[in-house]
K.L.:
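Please find one structure pasted underneath; my questions will follow.
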Amino acid sequence: MPFKISWFNKEVIIQDFRSVGWLGLLSMVAFFFIIPINMIFLYANEQDHSPFVNNYVQNFFQINFPFQVILIITIPIFLAVFLFRYLQVKQQADMVHSFPITRNQLYVHKIIVGLLFIIVPVLINGLVMMIVISTLNLSSYFSYTEVFEWIGTVIVFELLLFFAGVFVAMLTGISAVQAILTYIFLFFPVGFSLLVVLNAKLLFYGFPADYLLLEEIAYLSPLSRLTMIYGEKLLLTEVFIYLFITIVLFWLSLVFYQKRRLEAASHALSFSKLKPLFKYGATFCFMLVGGMYFAELEQSKEQFWIYFGYFTFSLIGYYVAEMVLQKTWRVFSNIKGYLFYSFIMVIVFLAVQLDFTGYEKRIPKLQDVERVYYSPYLRIFYEKLEREEFEKNVYEDRDNIATIIDMHKEIIAQQGNAKNHNSSEKAYMIYELKNGDKLIRQYEIADKNHYKKYLNSLYSSNEYKIKQFDLLHVKANDVHKIMIQSHDFRTKETIITKPEDIKQVVQLLQDELKHADYDLLDDERTPWGDILFTLSNGDDLNIPWYKGLETLEKWLADQNLLTEARVTAEEIEYVLVAREDMLLKDGDGSIMDNFERLQKDVNAVKITDREEIEECLLNASWHGNGKYIAAFYYKGHDYPEIKSFTEHFAPEFMKNRLAQ
């Protein structure tokens, strides 16, 4: 009678339960204490159960979220490491593969055990959560559907991470390397994309790094995507993608297992054909890190140092990879591979410098543009959370689109000045073309005033004002009250409730905004505060209290409300002003310490005249990057309020006295 091998091997299953069963038990107990026990604990400590949900959770992932993440990203990978540990130890590999069981059967047995220890603990805890909801009568706060969503999401993530660990187990012969490489493998799409994008920003003028980093890259890895599950649940498309990748990894792992040699145990890589990929991949990643280091951390604008970083770090990466593969440090004679790599990279960098593809000079034609987003700030996630903010900066008027295109051309023409200038001013452009494509660019602006004619054209347009200022859509009769607040050292406010006063303020502000230009709307000076409108239907809207709103200032003065609305010169005892370089050369210490020393310094200017103090209040800003720094000493207060003046807005009397 022929010997027949049974597909199911009870001994293998029992042995796996003994070796990794503790991980399944740990997963079940940990989830139990993280969610169901915590639900009971929070419920028992809440006298009013409504705040239980309002203050703590809107979904189950918001209960001990960091601990859930740690559990989800560790248990599946540890399962993969321990289940396939026998592959990484030569004696165990020889023994296990001598059993009367095929590799396919052995692989399936291991996978079944792994699936049981992933799925069962989650299902049990899901059942407990439903019992807690039913027992504590929390069905008005949590639905069973939300429990099933939690169960499905956790299982989808853990399955993907488990099979990633299994796949890596087939590629390496060392368990510690398997765990490390699994996390690298999972995070690689994000990490690699991050390096590529940041370096592309250095090499390609106008490359939209911020957009890609914030809008696209975070979704490329299940590890980074898991950190966002707290407030953004998986889409059905993402679920299908993750399940598809899981199935592919299951199949690839089996294929590699069948081809894997037993001698691969204790080797860093199981397949010799993967060694060049590992070596040159590590060299390339190290090279990108080097360029990013000098550009981002050292803030170097010199191309020499960026390329120096590419060269030195790529050399380090090449030899580190050689040491890992050969398990010795005596690898410095192997230079041919690096010379080949360097030759290829030189060609690539030459092509980039010559802009062979025309990327940097590519600008869409007016007739091809449907609409365009322009702003100094990037309003991303516009298809999810900030659609309204995005739309406020979208231009569809043909004249405005033409203005943005002309400005785009001028930015490219000024490319050399921008690359050698440190500036925080940016310009983001997202062209939506009629054929459905997008052209996205971001630039650093060396001198914003150089583009004033373009910006003034945009800011003065009706399209811009109608989108930016909701007040232009409001009728005075719909306004219930107006509150004008200042945010100086002393917060002050005045409230307008009389219908005739409301009508006058709304009318004069609407007139001001309709005729506003770039100088008013992009004023470098910090606004006085905010103007808040409460509508009859309960809605609120506000606009900045720009310092250029002269008619409002006059109206408040005529109504004797100006002193209620903002700080005036009468409340200031004196102003002490110094050039910023005077403060810096006085040695270490805070700005306050510097002003204490400057009290006796003949180079500092003390201003006591009421009109001059009022002019200082008008032109001062809170940001500290001005050329002149001022301390405003209030009557009855020992400590001053620190403000600054840019060169453009510094009063002439101040410049003259400090120049002496």
Side-chain angles (χ1 to χ4, degrees), residues 456 459-460 462 464-466 468-535 540-572 575 607-622 630 632 634-635 641 643 645-646 648-654:
N456 190 56
Y459 286 17
S460 299
N462 289 329
Y464 174 85
K465 293 171 182 176
I466 288 172
Q468 293 293 330
F469 299 110
D470 294 333
L471 182 62
L472 296 177
H473 304 279
V474 172
K475 296 180 180 179
N477 295 334
D478 296 329
V479 179
H480 176 64
K481 72 175 180 179
I482 301 173
M483 182 166 62
I484 303 176
Q485 288 183 327
S486 69
H487 306 305
D488 286 304
F489 187 80
R490 293 174 176 173
T491 300
K492 306 181 76 173
E493 67 180 33
T494 184
I495 298 176
I496 301 170
T497 56
K498 293 182 180 180
E500 60 271 20
D501 291 343
I502 290 175
K503 185 175 181 180
Q504 290 179 30
V505 172
V506 170
Q507 186 62 53
L508 69 85
L509 284 175
Q510 287 180 338
D511 290 340
E512 285 262 28
L513 293 176
K514 287 177 183 178
H515 296 91
D517 58 9
Y518 170 75
D519 289 330
L520 172 66
L521 301 178
D522 198 61
D523 198 335
E524 292 179 345
R525 299 169 297 179
T526 304
W528 289 120
D530 294 301
I531 307 171
L532 297 95
F533 300 84
T534 301
L535 306 184
D540 295 313
L541 61 92
N542 70 81
I543 63 171
W545 183 5
Y546 297 110
K547 288 184 175 177
L549 294 175
E550 296 177 354
T551 56
L552 175 63
E553 185 97 357
K554 185 177 183 303
W555 187 89
L556 289 170
D558 292 342
Q559 302 296 319
N560 296 318
L561 296 175
L562 188 60
T563 55
E564 294 182 17
R566 70 166 177 84
V567 171
T568 63
E570 298 301 323
E571 300 171 65
I572 308 294
V575 180
I607 301 171
T608 57
D609 182 80
R610 300 295 98 188
E611 292 185 4
E612 291 181 348
I613 291 176
E614 188 65 36
E615 191 172 353
C616 289
L617 285 170
L618 176 65
N619 290 289
S621 299
W622 283 342
F632 289 77
Y634 287 75
K635 294 177 180 178
E641 180 181 25
K643 295 187 177 184
F645 300 87
T646 61
H648 178 70
F649 284 105
E652 288 300 321
F653 68 83
M654 181 189 300

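Values in this document were obtained by computation on a predicted structure and should not be read as measured data. For the numbers below, each heavy atom of this structure counts, side chains included, while hydrogens, waters and symmetry mates do not.
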K.L.:
Treating Lys465 as the side-chain partner and Ala516 as the backbone partner, does any N or O pair qualify as donor plus acceptor under 3.5 Å?
P.N.:
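Answer holds: yes.
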
K.L.:
Rounded to the nearest 0.5 Å, what's the gap from CD on Glu493 to CD1 on Ile531? Could you check?
P.N.:
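One gets 13.5 Å once the value is rounded to the nearest 0.5 Å.
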
K.L.:
Indicate yes or no for a side-chain donor-acceptor contact from Ser621 to the backbone of Thr526 under 3.5 Å, with no hydrogens or angles considered.
P.N.:
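Looks like yes, one N/O pair under 3.5 Å.
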
K.L.:
Sequence neighbours excluded, which residues qualify as side-chain contact (heavy atoms from CB on, under 4.5 Å) partners of Gln559?
P.N.:
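With neighbours one apart ignored, the set is Trp555, Leu561.
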
K.L.:
Salt-bridge test for Lys547 and Glu615: reply yes if a basic N is under 4.0 Å from a carboxylate O, no otherwise.
P.N.:
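Salt bridge between Lys547 and Glu615, a charged N being under 4.0 Å from a carboxylate O: no.
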
K.L.:
Could you walk me through whether Lys635 and Glu571 pass side chain to side chain contact (heavy atoms under 4.5 Å, CB included), step by step?
P.N.:
CA-CA 6 Å; Lys635 294 177 180 178; Glu571 300 171 65; 5.8 Å; no

K.L.:
Quick one, Phe632 and Leu617 - any side-chain contact, counting heavy atoms below 4.5 Å?
P.N.:
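They are in side-chain contact.
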
K.L.:
Quick check: do Val505 and Val479 have side-chain heavy atoms less than 4.5 Å from each other?
P.N.:
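In short, these two side chains do not touch, never coming nearer than 4.5 Å.
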
K.L.:
Given Thr551 and Asp511, is the side chain to side chain contact (heavy atoms under 4.5 Å, CB included) satisfied, shown in steps?
P.N.:
CA-CA 10 Å; Thr551 56; Asp511 290 340; over 6 Å; no

K.L.:
Please round to the nearest 0.5 Å and tell me the distance separating atom CG of Leu549 and atom CG of Leu509.
P.N.:
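So the CG of Leu549 and the CG of Leu509 are separated by 6.5 Å.
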
K.L.:
Is the shortest heavy-atom distance from the side chain of Thr494 to the side chain of Arg566 under 4.5 Å?
P.N.:
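Contact flag for Thr494/Arg566 side chains = no.
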
K.L.:
Would the distance check show the side chain of Asn456 and the main-chain N or O of Tyr518 forming a donor-acceptor pair, the cut-off being under 3.5 Å?
P.N.:
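Yes, Asn456 side chain to Tyr518 backbone: donor-acceptor pair under 3.5 Å.
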
K.L.:
Contact between Cys616 and Met654 at the side-chain level, heavy atoms closer than 4.5 Å - yes or no?
P.N.:
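Answer yes - side chains close enough.
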
K.L.:
Tell me the closest heavy-atom pair linking Ile502 and Ala476, and the distance in Å.
P.N.:
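Taking Ile502 first and Ala476 second, the nearest heavy atoms are CG2-O, 4.0 Å.
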
K.L.:
Counting heavy atoms not belonging to Glu500, are there more than 12 under 6.0 Å from its CD?
P.N.:
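More than 12 within 6.0 Å, yes.
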
K.L.:
So Phe649 and Asp523, do their side chains get closer than 4.5 Å, heavy atoms only?
P.N.:
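Answer yes - side chains close enough.
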
K.L.:
Main chain of Gln504, side chain of Asp501: is a donor-acceptor contact present, judged purely on distance under 3.5 Å?
P.N.:
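Such a contact is absent between Asp501 side chain and Gln504 backbone.
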
K.L.:
Crowded around His473 NE2? As in, over 12 foreign heavy atoms under 6.0 Å?
P.N.:
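Yes, enclosed.
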
K.L.:
Rounded to the nearest 0.5 Å, what separation is found between the NE2 atom of His480 and the CG atom of Leu535?
P.N.:
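It comes to 10.5 Å.
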
K.L.:
Which heavy atom of Val474 sits nearest a heavy atom of Gln510, and at what distance?
P.N.:
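Result for this residue pair: O-NE2, 2.8 Å.
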
K.L.:
Over 60° means perpendicular and under 30° means parallel, so classify the ring planes of Trp528 and Trp545, tilted if in between.
P.N.:
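Rings of Trp545 and Trp528: tilted, as their planes differ by 30° to 60°.
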
K.L.:
Might you work through the side chain to side chain contact (heavy atoms under 4.5 Å, CB included) test for Leu618 and Arg525, ending with a clear yes or no?
P.N.:
CA-CA 8 Å; Leu618 176 65; Arg525 299 169 297 179; 3.7 Å; yes

K.L.:
Measuring from atom CG of Asp530 to atom CG of Leu532, what distance do you get when rounded to the nearest 0.5 angstrom?
P.N.:
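Answer for the CG-CG pair, Asp530 versus Leu532, is 5.5 Å.
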
K.L.:
Nearest 0.5 angstrom please: His515 NE2 to Leu513 CG, how far?
P.N.:
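It comes to 11.0 Å.
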
K.L.:
Under 3.5 Å, is there a donor-acceptor pair between the side chain of Lys492 and the main chain of Val567?
P.N.:
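No, Lys492 side chain to Val567 backbone: no donor-acceptor pair under 3.5 Å.
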
K.L.:
Are Asp470 and Phe533 side-chain neighbours, meaning at least one heavy-atom pair lies under 4.5 Å?
P.N.:
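Counting from C-beta outward, Asp470 and Phe533 never come under 4.5 Å.
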
K.L.:
Does Asn462 CG have over 12 foreign heavy atoms under 6.0 Å away?
P.N.:
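Open: at most 12 neighbouring heavy atoms sit under 6.0 Å from CG of Asn462.
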
K.L.:
Looking at Ala569, is its backbone amide N or carbonyl O close enough to the side chain of Glu611 to form a donor-acceptor pair, meaning the two atoms are under 3.5 Å apart?
P.N.:
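Between the backbone of Ala569 and the side chain of Glu611 there is no qualifying donor-acceptor contact (under 3.5 Å).
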
K.L.:
Are the side chains of Leu521 and Tyr464 in touch, meaning some heavy atoms are under 4.5 Å apart?
P.N.:
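Heavy-atom side-chain distance check passes, below 4.5 Å.
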
K.L.:
Of Asp540, Ile482, Asn542, which is the lone residue that meets side-chain contact (heavy atoms from CB on, under 4.5 Å) with Thr534?
P.N.:
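With Thr534 as partner, Asp540, Ile482, Asn542 yield a single side-chain contact (heavy atoms from CB on, under 4.5 Å), made by Asp540.
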
K.L.:
Given the rule in the side chain to side chain contact (heavy atoms under 4.5 Å, CB included) test, do Tyr546 and Leu552 qualify, once you have shown the distances and angles that lead to the verdict?
P.N.:
CA-CA 10 Å; Tyr546 297 110; Leu552 175 63; over 6 Å; no

K.L.:
If you measure from NE2 on His648 to CG on Asn619, what distance do you get to the nearest 0.5 Å?
P.N.:
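Those atoms lie 9.0 Å apart.
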
K.L.:
Can you give me the closest heavy-atom contact between Ile613 and Thr608, atom names plus distance?
P.N.:
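Result for this residue pair: CD1-O, 3.7 Å.
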
K.L.:
Near Glu550 CD, under 6.0 Å, is it more than 12 heavy atoms from other residues, nucleotides or ligands?
P.N.:
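No, not enclosed.
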
K.L.:
Show the nearest heavy-atom pair for residues Met483 and Ile495, with the distance to one decimal.
P.N.:
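Minimum heavy-atom separation between Met483 and Ile495: CG-CG1, 4.0 Å.
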
K.L.:
Just so I know, are the side chains of Val506 and Lys475 near enough to count as touching, which here means a heavy-atom distance under 4.5 Å?
P.N.:
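The answer is no, as the side chains (C-beta and beyond) never meet within the 4.5 Å cut-off.
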
